[in-house]
Amino acid sequence: VQLQASGGGLVQVGGPLRLSCAASGRRFSRYAVGWFRQAPGLEREFVALISKNGETTYYADSVKDRFTISRDNARSAVYLQMNSLKPEDTAVYFCAAGLSPVPMRAAYADWGQGTLVTVSS
């Protein structure tokens, strides 16, 4: 499945931003989707995931209660609503598709290009 992330930009501390991940190709509803992020000089880290039917979601502790992941299989899309943004949320955000809804990079075979989120203080 091919993925395209969008929605990044510059936002002030405390502000909201919504990322989108559009999918094409093989049947999207078969795949769990994860969001990951990578800040300069750091490893790519897990942010959030959603199961193929949307019933299960899971978040990194650092974003829990601030970020919400959702999906619309009819539109082959996944969203990441980010609220109360902090400077440490600044990173390139990637969406990825895999068969298992687990918070590990290795579980996701298909990756989109990233979208940059910059939180200014």
Side-chain angles (χ1 to χ4, degrees):
V1 63
Q2 291 78 46
L3 302 170
Q4 176 94 20
S6 62
L10 177 64
V11 62
Q12 290 189 331
V13 168
L17 201 61
R18 188 194 199 208
L19 304 184
S20 298
C21 177
S24 60
R26 292 166 283 172
R27 199 166 72 193
F28 178 66
S29 60
R30 294 182 59 196
Y31 296 90
V33 174
W35 283 98
F36 294 77
R37 67 186 181 187
Q38 187 166 17
L42 299 180
E43 294 278 322
R44 192 172 299 187
E45 64 174 4
F46 166 77
V47 175
L49 66 84
I50 189 164
S51 60
K52 60 183 180 181
N53 57 13
E55 290 184 354
T56 299
T57 58
Y58 183 74
Y59 300 90
D61 288 344
S62 59
V63 307
K64 202 176 297 183
D65 299 325
R66 298 188 299 122
F67 290 11
T68 302
I69 189 170
S70 61
R71 70 188 293 160
D72 184 341
N73 283 344
R75 288 185 165 84
S76 295
V78 170
Y79 309 100
L80 186 68
Q81 178 66 44
M82 306 186 294
N83 296 327
S84 303
L85 282 162
K86 305 175 180 180
E88 51 264 43
D89 294 318
T90 294
V92 177
Y93 284 70
F94 300 87
C95 58
L99 295 178
S100 299
V102 294
M104 296 185 295
R105 288 171 53 184
Y108 296 85
D110 298 317
W111 291 76
Q113 94 298 344
T115 185
L116 176 63
V117 173
T118 304
V119 183
S120 66
S121 55

Partner set under ring pair (Phe, Tyr, Trp, His ring centres under 6.0 Å) for F46, not counting sequence neighbours
F36, Y58

Could you grab the distance from atom CZ of F94 to atom CG of L3, nearest 0.5 Å is fine?
12.0 Å

Please name the pair of heavy atoms, one in P16 and one in N83, separated by the smallest distance, quoted to 0.1 Å.
CB-OD1, 3.5 Å

Measure the CD1-OH distance between I69 and Y59 for me, rounded to the nearest 0.5 Å.
6.5 Å

Step by step, would you call D89 with M82 a side-chain contact (heavy atoms from CB on, under 4.5 Å)?
CA-CA 9 Å; D89 294 318; M82 306 186 294; over 6 Å; no

Considering all heavy atoms, the nearest N73-S29 contact:
ND2-CB, 3.7 Å

Got more than 12 heavy atoms from elsewhere within 6.0 Å of CD, Q12?
no

Residues T115 and L19: closest non-hydrogen pair is CG2-CD2, 4.0 Å

Compare all side-chain heavy atoms of R75 with those of S20 and state whether any distance is below 4.5 angstrom.
no

As an exercise, state the distance from CD1 of I50 to OG1 of T56, rounded to the nearest 0.5 Å.
9.0 Å

Shortest non-hydrogen contact from A32 to R71?
CA-NH1, 4.1 Å

Residues that, via side-chain heavy atoms closer than 4.5 angstrom, fall in one hydrophobic cluster with V102:
M104

So how far is it from L85 CG to S121 OG, rounded to the nearest 0.5 Å?
12.5 Å

Heavy atoms only: give me the nearest C21-W35 pair and the separation to one decimal.
CB-CZ2, 3.6 Å

Can you pull out every ring-ring contact (aromatic ring centres under 6.0 Å, His included) where at least one residue sits in residues 9-31? Sequence neighbours excluded, please.
none

Return the minimal non-hydrogen interatomic distance between L116 and A91, and the atom names on each side.
CD1-O, 3.6 Å

If you round to the nearest 0.5 Å, how far is OG of S76 from CD of Q4?
14.0 Å

To the closest 0.5 Å, what do you measure between CZ (F67) and OG (S84)?
9.0 Å

